[in-house]
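Worksheet for the structure shown next.
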Protein chains: 2
Amino acid sequence: VVTLKNIWKSYLMGTVKLTVLKGVSLEITRGEMVAIVGKSGSGKSTLMNILGCLDVPDSGEYILDGRDVAKLSDDQLAEVRNRKIGFVFQNFNLLPRMSALENVEVPLLYAGYHQAQERAFHALEKVGLADRVKHEPGQLSGGQRQRVAIARALVTSPEMILADEPTGNLDTRTGIEVMEFFKMLNKEGATIIVVTHDTETAEYCSRIIKIEDGAVAL
Amino acid sequence: VVTLKNIWKSYLMGTVKLTVLKGVSLEITRGEMVAIVGKSGSGKSTLMNILGCLDVPDSGEYILDGRDVAKLSDDQLAEVRNRKIGFVFQNFNLLPRMSALENVEVPLLYAGYHQAQERAFHALEKVGLADRVKHEPGQLSGGQRQRVAIARALVTSPEMILADEPTGNLDTRTGIEVMEFFKMLNKEGATIIVVTHDTETAEYCSRIIKIEDGAVAL
Ligand SMILES: Nc1ncnc2c1ncn2[C@@H]1O[C@H](COP(=O)(O)OP(=O)(O)OP(=O)(O)O)[C@@H](O)[C@H]1O
Ligand SMILES: Nc1ncnc2c1ncn2[C@@H]1O[C@H](COP(=O)(O)OP(=O)(O)OP(=O)(O)O)[C@@H](O)[C@H]1O
Ligand SMILES: [Mg+2]
Ligand SMILES: [Mg+2]
């Protein structure tokens, strides 16, 4: 379902060019659950942003579900981002003035789902936050904010889930609760890509892709 | 050096009172390195904010270095926060418009140190960020931001270091680099309190304090 061919990505800082991804090529089949690992600063989040259609590579090909992402229109890209992909951000990106429940409802309302409030509550329940639905992000612990970000990404049962360090702020038991939620969605057919530094989290995945020196380590 | 006696802390949300710390009592001796563990949402960060003199308990006593913190003047509290304690925040709290180097210089300039730039560079070097000193937080990876927050907390060689989940966004090897920095400061006499979900990080500590149901688990 995902094919990356020779992906290059650099950042420009004034006159300095910092090349982060140096020819990343990989294939992920539908329904797979893979882990992406690598040192801090190695390019994992950069790669995830490209996979999530939130950023564009400098060169190389990204074929998603048989379609060349570079050739999609803005509307088609928005459709992919809102309906096809669920993204858990490493720094959560929650809306600060909305409650946990309202934050999780957002993708449902975008995609025109009915019973948004019920579905949002159910997703928060799955990550252990049934008693925190009215709290705003500023009234939640770090691991609770992380779980709101997870619930929001999973609430539309997307075909593809991209989770960037979903258990970084969670104790072992709570992390297991979260990974069991991912595992259930994977059993139902979702393709899941998890960036993680945690071995127990990686163990839920059938394959590990390591990013080293800007490319996939052999 | 730290004595907490029967610390209670609640949050008020409209008419609802959420009690988080329910009589926390503990003692930490000078030069100890302890880990604080507990489920996500159990009150660890709340406890750390009280230890760091960033928040006030509803009741109970906090004796720091023989002085009752509740009786300190605003100036004395500012002195404690700026010169005595180094705090690594769970969500980093970096200044977005300043470079990594400038962020790490801030506590040195506050405390009137000389050669602030050199010391700041040295601290960033110790956490593996010598080649990222000019980057602003938005130009850094999650784990790099975490390490800037760590360097900033440690740059004044404070007597007491409070680190809230310092390795949550780091791969194992980078996490070890960071904990070796803490260990070195501990050998030089610093008292260190680390909140962590990571067993390898906790293994650097000589004692583990568990927070459960709002109190220290026996
Ligand atoms: N806007 C930017 N400008 C310049 N450099 C950047 C920018 N964003 C990221 N970088 C650099 O690109 C590299 C890769 O960043 P990325 O966030 O992909 O790393 P990562 O593998 O996710 O790391 P971590 O495990 O710490 O989250 C890092 O070395 C970082 O400093
Ligand atoms: N401003 C607030 N108003 C209401 N409740 C709050 C507020 N801040 C925190 N809480 C609640 O207090 C409890 C303790 O929060 P705290 O941040 O101390 O947890 P924690 O142990 O650090 O969790 P984590 O491991 O997820 O970081 C949580 O259940 C949280 O929902
Ligand atoms: Mg990252
Ligand atoms: Mg916390």
Side-chain angles (χ1 to χ4, degrees), chain A residues 11-14 16 18 20 36-49 89-92 94 99 127-129 131-132 134-147 164-165 167-175 177-178 195-202 210-212, chain B residues 11-14 16 18 20 37-49 89-92 94 99 127-129 131-132 134-147 164-175 177-178 195-202 210-212:
Chain A
Y11 292 108
L12 268 161
M13 296 176 65
V16 179
L18 183 70
V20 172
I36 295 183
V37 303
K39 276 178 58 176
S40 168
S42 59
K44 305 178 298 294
S45 297
T46 302
L47 180 60
M48 290 289 267
N49 288 334
F89 294 92
Q90 187 169 6
N91 61 350
F92 320 153
L94 299 179
S99 71
V127 296
L129 293 179
D131 59 355
R132 289 288 183 274
K134 290 260 178 287
H135 289 231
E136 288 183 357
Q139 299 169 318
L140 292 172
S141 77
Q144 289 169 343
R145 286 174 202 155
Q146 184 155 44
R147 284 182 274 161
D164 199 343
E165 309 270 8
T167 58
N169 282 284
L170 303 177
D171 55 282
T172 306
R173 245 183 78 197
T174 309
E177 269 174 50
V178 157
V195 168
T196 186
H197 291 308
D198 181 66
T199 17
E200 271 138 7
T201 302
K210 184 172 187 195
I211 303 298
E212 199 167 37
Chain B
Y11 291 109
L12 268 161
M13 295 175 67
V16 178
L18 184 70
V20 173
V37 303
K39 276 179 59 176
S40 168
S42 59
K44 305 178 298 296
S45 296
T46 301
L47 181 60
M48 291 288 266
N49 287 336
F89 294 92
Q90 186 169 7
N91 60 352
F92 319 154
L94 300 178
S99 70
V127 295
L129 293 179
D131 59 356
R132 289 288 181 275
K134 291 256 177 289
H135 288 231
E136 288 182 358
Q139 300 169 317
L140 292 171
S141 78
Q144 290 169 343
R145 287 173 201 156
Q146 184 155 45
R147 284 181 276 162
D164 198 345
E165 309 271 6
T167 57
N169 283 284
L170 304 176
D171 55 282
T172 306
R173 245 184 78 195
T174 309
E177 269 174 50
V178 157
V195 169
T196 186
H197 290 310
D198 182 65
T199 16
E200 271 140 6
T201 301
K210 185 170 187 193
I211 303 299
E212 198 166 39

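Quick caveat, the model's predicted, so the values are computed rather than measured. Chain identifiers are assigned alphabetically (A, B, ...) following the order of the sequence lines, protein sequences preceding nucleic acid strands; residue numbering begins at 1 within each chain.
Neither the backbone nor the side chain of B/Leu140 has a heavy atom closer than 4.5 Å to any heavy atom of chain A. Heavy-atom distances place no part of B/Gln146 under 4.5 Å from chain A, backbone and side chain included. Residue B/Ser40 touches chain A through both its backbone and its side chain, counting heavy-atom pairs closer than 4.5 Å. For B/Asn169, the parts lying near chain A are the backbone and the side chain together; criterion is any non-hydrogen pair under 4.5 Å.
A donor-acceptor contact under 3.5 angstrom links the side chains of B/Thr167 and B/Thr201, judged on distance only. When only modelled atom types and interatomic distance are considered, A/Glu136 and A/Ser99 share no side-chain donor-acceptor pair under 3.5 Å. Side chains of A/Thr174 and A/Asp171: a donor on one and an acceptor on the other come within 3.5 Å. Residues A/Ser45 and A/Asp164 bring a donor and an acceptor atom of their side chains to less than 3.5 Å of each other.
Counting heavy-atom pairs closer than 4.5 Å to chain A, the top-ranked of the candidates B/Leu129, B/Asp198, B/Thr172, B/Leu170 is B/Leu170. The choice from B/Gln139, B/Gln144, B/His135 that makes the most heavy-atom pairs within less than 4.5 Å of chain A is B/His135. Ranked by non-hydrogen atom pairs under 4.5 Å with chain A, the options B/Arg173, B/Glu165, B/Arg147 are led by B/Arg147. When the candidates A/Gly38, A/Ser42, A/Gly143 are compared by the number of heavy-atom contacts under 4.5 Å with chain B, A/Gly143 comes out ahead.
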Can B/Glu177 and B/Val127 be said to form a side-chain contact (heavy atoms from CB on, under 4.5 Å), step by step? CA-CA 7 Å; B/Glu177 269 174 50; B/Val127 295; over 6 Å; no
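Annotation: side chain of A/Asn91 is not in contact with side chain of B/Phe92 (no heavy-atom distance under 4.5 Å).
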